[in-house]
Amino acid sequence: MTVSTFLTARQVADRLAISIPTVWRWSRERSDFPKPHRIGPASSRWRVAELETWEASQNRRVC
């Protein structure tokens, strides 16, 4: 995936093996979780590059 690739909430949930409501809750409540980008009046997407950075930071914490 490229830096400009965006994912829907469902795609983020599938990628992280969590529920869609959890994606939205984490985006509201966790300061370290990437925030969605508004791409239209009723559309939000997460940037893959930001998710990859977040995932890497989570892996560093576990090790």
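We use all heavy atoms of the structure for the numbers below, so side chains are in, but hydrogens, waters and symmetry mates are not.
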Practice problem: Let me see the working for Phe33 and Glu50 under side-chain contact (heavy atoms from CB on, under 4.5 Å), right down to the final yes or no. | Solution: CA-CA 9 Å; Phe33 191 73; Glu50 293 172 2; over 6 Å; no
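- Two residues are said to be in side-chain contact when any heavy atoms from C-beta on lie closer than 4.5 Å; Arg15 and Arg10 fail this criterion.
- Between Val23 and Leu16 the shortest side-chain heavy-atom distance does not fall below 4.5 Å.
- Counting heavy atoms from C-beta on, the side chains of Trp26 and Ile18 come closer than 4.5 Å.
- Separating the CD atom in Gln11 from the CZ atom in Arg45 is a distance of 7.5 Å, to the nearest 0.5 Å.
- For the pair Leu51/Arg47, no side-chain contact is recorded, criterion being any heavy-atom separation below 4.5 Å from C-beta on.
- The shortest distance between side-chain heavy atoms of Gln58 and Asp32 falls below 4.5 Å.
- In this structure, the ring of Phe6 has its center no less than 6.0 angstrom from the ring center of Trp46.
- Annotation: side-chain contact (heavy atoms from CB on, under 4.5 Å) contacts of Arg38 (sequence neighbours excluded): Ser44.
- By the side-chain contact (heavy atoms from CB on, under 4.5 Å) test, Ser19 pairs with Pro21, Thr22, sequence neighbours left out.
- The OG1 atom of Thr8 lies 9.5 Å from the CD1 atom of Ile39; values are rounded to the nearest 0.5 Å.
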